[in-house]
Structure formats: structure tokens, C-alpha cells
Amino acid sequence: MSLFVAEDISISFGGIKAVQDVSFTVEGGEVFSIVGPNGAGKTTIFNLISRIYDVDQGTLTFDGQDITRVPTYVVPEMGIARTFQNTELFDQETVLKNLLIGCHVHRQSNFFSDLLFLPSVRRQELAFRQRVEDVIDLLDLQRYRDQVIANLPYGVRKMVEVARALCVQPKLLLLDEPSSGLNPEETEDLSFWLEDINGDLGITIVMVEHDMNLVALASDRVMALADGALVAIGTPSEVQNHPEVLRAYLGD
Ligand SMILES: Nc1ncnc2c1ncn2[C@@H]1O[C@H](COP(=O)(O)OP(=O)(O)OP(=O)(O)O)[C@@H](O)[C@H]1O
Ligand SMILES: [Mg+2]
């Protein structure tokens with residue numbers, strides 16, 4: 001059984017068909033990349049999966065469950081975490097605080113148990129702290145842990161966003177252009193982190209990415225989109241050499 005299935009999904013905004021009849025599967029354990037020119041519908045697909053937008057038609061299945069109409073807040077609880085094309089962190093808070101907030105999707109307390117600071121709440125808080133420390137170690141963010149986001153270089157902020165997504169302990173991690181704005185050295189580091197996240201933690205990754213070297217290096221399979229429609233799915237080299245993909249990028 002595939003971990004994730006999109007079947008004939010479509011969405012339009014006014015007259016623009018942002019995604020039209022796109023179907024694909026993501027297998028557990030793979031790195032699956034989505035590529036395509038600007039405006040192809042890549043981020044929209046992430047917004048459909050994370051349930052920020054409703055599909056006009058089609059279905060989304062995750063881990064055997066129909067998630068087509070689940071509320072947005074359920075998505076991380078089910079095991080899907082994401083990053084955003086333009087990082088969305090709490091800029092005036094520290095790295096540590098941002099990561100702790102990331103953990104709280106799995107919170108099992110309520111207002112009264114919080115108020116009384118019951119032992120169960122304390123235990124959960126300790127578990128969250130431990131999880132955050134593990135993620136900080138994994139992505140080598142120790143030296144930034146107590147720094148405020150606004151003071152950090154862009155490349156570090158992008159990694160903090162990945163870290164926050166990992167605090168959700170996802171089965172499926174959606175990364176929207178993780179290498180954009182990174183220098184070549186940071187991009188190379190990113191490719192190693194992706195290997196660790198996928199290989200060591202066993203997390204399935206779907207990544208929207210423009211850097212074709214990174215795509216070829218990191219992905220098991222690639223899907224190319226153009227103008228909202230699926231152009232090709234296959235191995236990185238199959239997709240990169242596909243005549244329709246070349247036409248989508250270069251024109252006739
Ligand atoms: N909320 C929205 N309202 C109106 N139009 C939208 C909305 N979201 C996306 N679109 C349109 O849908 C199309 C696909 O946009 P999308 O952001 O998915 O592209 P993308 O492939 O992620 O591009 P890029 O590489 O530039 O990030 C574009 O024409 C965009 O303008
Ligand atoms: Mg986008």
C-alpha cells in the first residue's frame with residue numbers, strides 16, 4: 001500500500017486551473033520530488049495535502065485513510081509535516097521556543113490539566129523537551145538554540161523550519177523549495193540532512209525543488225508539472241530527459 005495517494009485532484013482559482021487532474025502515489029520510505037516552472041502548481045499541491053485548500057475534485061489518501069476533507073489541524077496529528085516556501089517561524093522567539101511550539105500538535109492536555117500542572121502535563125512537557133533536544137542534535141543547531149529567529153542568517157532559519165517540522169515526528173515530510181536562498185555549501189549540507197532524515201529516521205519526503213542537481217542527487221522519483229498538469233513521473237534522469245519536460249522549461 002502506498003503511503004500517500006492523490007487521485008485526479010484539481011483546483012481552480014477564478015479562471016486559473018492551478019492543478020488539473022493530477023494523480024500520483026508516494027511510497028513509504030522514498031524521496032519524491034515535484035519540479036516544474038514557476039506557477040506550475042507545486043505549492044498548491046502542498047496546500048491541498050495540508051488541507052489549507054479544498055480540492056474541487058479528486059481524493060487524497062494518507063496511510064490508508066481518506067484525508068480529502070479532514071480539518072487542517074488534524075493533518076500534523078496524522079503524521080504529515082511541512083515547511084513553507086517563505087519560512088514561517090515566530091521571528092521574535094528563540095529557536096528552542098519555535099521547536100517546542102512544533103511539538104504541541106501532539107498535545108494531550110487541556111486547559112484544566114494545564115492549569116493544575118498535573119503530572120501527566122509535566123511528563124509530556126519533559127518528553128517534548130527531549131524530542132526538541134534530539135532534533136537540535138540531529139540538525140546540528142546547538143549553537144543557535146537560544147537565539148531569536150530574526151537574528152539568524154536565512155540558511156539557518158530554513159533549517160530551523162525543517163527542525164520544527166521534524167518535531168511533529170512525521171511519517172511524511174513536505175519540503176517546499178528547501179534549497180532556495182541557500183549557498184552551494186549550505187545546499188550540500190542540506191543534501192546530507194535529507195539523507196539522514198530519510199535514511200536514519202525513515203521519514204518519507206516529498207520535496208518541491210528547483211535545484212536539479214539536488215533533485216537528481218536526493219530523489220528516488222520525480223514528478224514534473226507544467227501549468228497545473230502532470231507532464232512526467234519517473235526516475236530523475238527519465239524526467240530530466242523527457243521531451244515534454246524540456247519543452248515545458250524551454251518552450252518549443
Ligand atoms: N490562493 C490563490 N489565489 C489565486 N491564485 C492562486 C492561489 N494560489 C495559487 N494560485 C495560482 O495557481 C497557480 C499555481 O501556483 P503555485 O503557487 O502552486 O505555483 P508553484 O509551482 O509553487 O510556483 P513557484 O515555483 O513560483 O513557487 C499560479 O498561477 C498561482 O498564481
Ligand atoms: Mg511554489
Over all atoms of both residues, closest heavy-atom pair of Ser12 and Asp56: N-OD2, 2.8 Å
With distance as the sole test, does Lys42 use its side chain to make a donor-acceptor pair with the main-chain N or O of Pro37 at under 3.5 Å? yes
In sequence, state the C-alpha distance, the side-chain angles, and the governing distance for Ile197 and Ile205, and then conclude on side chain to side chain contact (heavy atoms under 4.5 Å, CB included). CA-CA 9 Å; Ile197 293 167; Ile205 298 176; 4.1 Å; yes
Side chains of Ile203 and Leu166: does their closest heavy-atom pair fall under 4.5 Å? yes
Do side-chain atoms of Arg221 reach the backbone of Thr235 as a donor and acceptor pair under 3.5 angstrom? no
Lys/Arg cation over aromatic Phe84: Arg82, 6.0 Å, 45° cone: yes
Pair Asp176, Thr43: side-chain N/O donor-acceptor within cut-off below 3.5 Å: yes
Between Leu182 and Gly155, which heavy-atom pair has the shortest distance, and what is it? CD2-CA, 3.4 Å
Which distance, rounded to the nearest 0.5 Å, do you find between the CG of Asp200 and the CH2 of Trp193? 11.0 Å
What heavy-atom pair brings Phe32 and Thr25 nearest, and what distance separates the two atoms? CE1-O, 3.7 Å
Heavy-atom check, side chain of Val160 versus side chain of Ile149, under 4.5 Å: yes
Can a donor-acceptor pair be found, under 3.5 Å and without considering hydrogens, that links the side chain of Arg131 to the backbone of Cys167? yes
Let me check something: do Leu141 and Leu201 share a hydrophobic cluster, defined by ILVMFWY side-chain heavy atoms less than 4.5 Å apart, either directly or through other members? yes
Do any N or O atoms from the side chain of Ser2 and from the backbone of Val5 form a donor-acceptor pair under 3.5 angstrom? no
Check: Glu188 side chain, Glu185 main-chain N or O, donor-acceptor pair, under 3.5 Å: no
Would Ser180 and Lys158 count as having a side-chain donor-acceptor pair, cut-off 3.5 Å? yes
How about Asp227 and Gln20: does a side-chain donor come under 3.5 Å of a side-chain acceptor? no
May I ask whether Leu3 and Ile233 are part of the same hydrophobic cluster, defined by side-chain heavy atoms of I, L, V, M, F, W, Y residues being less than 4.5 angstrom apart, directly or through others? yes
Hey, what do you get for CE (Met207) to OG (Ser33), rounding to the nearest 0.5 Å? 3.5 Å
Paired with Gln57, the side chain to side chain donor-acceptor pair (under 3.5 Å) test is passed by just one of Asp21, Thr68, Asp8, namely Asp21
Exercise: identify the closest heavy-atom pair between Glu161 and Glu88: OE2-N, 2.9 Å
Report yes or no: does Asp63 contribute a side-chain atom to a donor-acceptor pair with the main-chain N or O of Met78 at less than 3.5 Å? no
To the nearest 0.5 Å, how far apart are CZ in Arg157 and CG in Asn151? 9.0 Å
Let me see the working for Leu89 and Arg164 under side chain to side chain contact (heavy atoms under 4.5 Å, CB included), right down to the final yes or no. CA-CA 9 Å; Leu89 294 164; Arg164 186 180 58 177; 3.9 Å; yes
Test of understanding: with side-chain hydrogen bond (donor to acceptor under 3.5 Å, both in side chains), list the residues that count as partners of Gln65, not counting sequence neighbours. none
Could you tell me whether a side-chain N or O of Glu93 sits under 3.5 Å from a main-chain N or O of Phe90, the two making a donor and an acceptor? no
Side-chain touch Leu246/Gln240, heavy atoms, less than 4.5 angstrom: no
Side chains of Ser10 and Val19 in contact at under 4.5 Å (non-hydrogen atoms): no
Are any non-hydrogen side-chain atoms of Val75 and Ile67 less than 4.5 angstrom apart? no
Is any side-chain heavy atom of Val208 closer than 4.5 Å to one of Ile34? yes
If Ile, Leu, Val, Met, Phe, Trp and Tyr residues are connected whenever their side-chain heavy atoms lie under 4.5 Å apart, and connections chain through other members, are Leu126 and Leu96 in the same group? no
Is there a salt bridge (Lys or Arg N to Asp or Glu O under 4.0 Å) between Glu244 and Arg247? Walk through the geometry before answering. CA-CA 5 Å; Glu244 292 293 327; Arg247 190 171 312 147; 3.2 Å; yes
Using a strict cut-off of less than 4.0 Å between a Lys/Arg side-chain nitrogen and an Asp/Glu carboxylate oxygen, indicate whether Asp54 and Arg51 qualify as a salt bridge. yes
For residues Ser179 and Asp211, report the shortest heavy-atom separation together with the two atoms involved. OG-CB, 3.7 Å
Taken to the nearest 0.5 Å, the spacing of Thr83 OG1 from Leu175 CG works out to 4.5 Å
Within the 4.5 Å heavy-atom criterion, are Leu174 and Ile80 side-chain neighbours or not? yes
Check against side chain to side chain contact (heavy atoms under 4.5 Å, CB included), Met223 and Ile45: CA-CA 12 Å; Met223 169 168 77; Ile45 287 187; 4.1 Å; yes
Walk me through whether Phe128 and Glu133 qualify under side chain to side chain contact (heavy atoms under 4.5 Å, CB included). CA-CA 9 Å; Phe128 286 163; Glu133 295 305 336; over 6 Å; no
As an exercise, state the distance from CZ of Phe4 to OG1 of Thr61, rounded to the nearest 0.5 Å. 7.5 Å
Rounding to 0.5 Å, atoms OG1 (Thr94) and OH (Tyr144) come to a distance of 15.0 Å
For the CD atom on Glu7, are there more than 12 heavy atoms of other groups (residues, nucleotides or ligands in this structure) within a distance under 6.0 Å? no
Under 4.5 Å between side-chain heavy atoms, counting indirect links through other Ile/Leu/Val/Met/Phe/Trp/Tyr residues: same cluster for Met159 and Leu138 or not? yes
Measure across Val222 and Val215 and return the closest heavy-atom pair with its distance rounded to 0.1 Å. CG2-CG1, 3.7 Å
Tyr73 and Tyr53: same hydrophobic cluster, using ILVMFWY side-chain contacts below 4.5 Å? yes
For a 4.5 angstrom cut-off between non-hydrogen side-chain atoms, does Leu172 reach Val206? yes
Would you tell me whether Glu30 and Thr204 have side-chain atoms, one donor and one acceptor, within less than 3.5 Å of each other? no
